[in-house]
Amino acid sequence: MSTENVSEKDEWRDLIEEIKKCRRCPLHQNRTNAVPGEGSVNADIMIIGEAPGANEDLSGRPFVGAAGTLLRKILREIGFDEEKIYITNVVKCRPPGNRKPNKDEIDACSPYLRRQIIYIKPKIIIALGNVAGEWIFREAGLQWDSISRNRGRIYETNLYGMKISVIPSFHPSAVIRGSVDEDILRKDLLLAKSLLENEKKIQRKPLSLYDFLKK
Ligand code: URA
């Protein structure tokens with residue numbers, strides 16, 4: 001049984017519609033599609049990238065270009081069920097020429113990602129690359145250094161009153177450019193997988209009737 005009730009479903013649908021119609025920053029002017037995200041709203045794991053690229057802009061889906069194909073391949077190889085993950089980006093519209101989103105664009109778009117996190121309540125957030133890592137650290141009141149220094153570790157954060165583990169890793173496009181070894185990204189994604197499995201073992205205690213019905 002889904003954990004969503006009808007008004008929660010409306011809330012999510014409204015949020016996605018708002019993102020698709022958003023005009024809060026100039027990025028909407030050149031977009032084909034805004035890219036809200038993809039996956040299960042009951043996901044335990046949320047993966048956050050930087051911003052849509054050309055393929056994502058055309059399809060309206062996150063991580064479907066070269067970087068996404070690599071990411072999804074690694075997720076499959078290590079046995080992650082993609083349907084139990086929610087994949088999104090800090091910024092929902094493509095910056096021209098795939099440049100990094102600027103501060104104003106990130107600030108304008110941030111309420112959407114905040115609302116997505118609060119709605120989904122993931123146990124683990126994997127932040128891919130500097131933009132996503134820096135964004136989530138700022139939200140959690142943590143000091144960001146750089147992706148090379150912060151990656152591959154578990155940060156226990158308090159995000160919007162929820163206990164969420166954050167694992168930063170390299171963006172798959174860094175692997176495609178050849179500046180990062182694919183095995184490093186794989187190792188960090190495996191860390192997230194084993195953390196989730198451990199948490200599930202710890203939580204395998206008798207359920208209350210309420211928790212049972214929520215399942
Ligand atoms: N890069 C990102 O950060 N996000 C995407 O959706 C695609 C490429």
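Keep in mind that this is a model prediction, so the values were computed, not measured. One-based numbering, in listed order, for ligands and for the atoms of each.
Remark: the backbone N or O of T32 is paired with a side-chain donor or acceptor of D57 at under 3.5 angstrom.
Residues D44 and K200 are paired through a salt bridge, judged by an N-O separation under 4.0 Å between the basic side chain and the carboxylate.
In this structure the side chain of M46 reaches within 4.5 angstrom of the side chain of L113, judged on heavy atoms.
In this structure, ligand 1 sits under 4.0 Å from heavy atoms belonging to G49, E50, A51, E56, P62, F63, N89, H171.
Residues S165 and I154 approach most closely at CB-CG2, 3.9 Å, considering heavy atoms.
Remark: aromatic rings of W12 and Y112 are distant, center separation not under 6.0 Å.
Legend: residues meeting ring-ring contact (aromatic ring centres under 6.0 Å, His included) with F137, ordered by chain and number and at least two apart, are W144, Y155.
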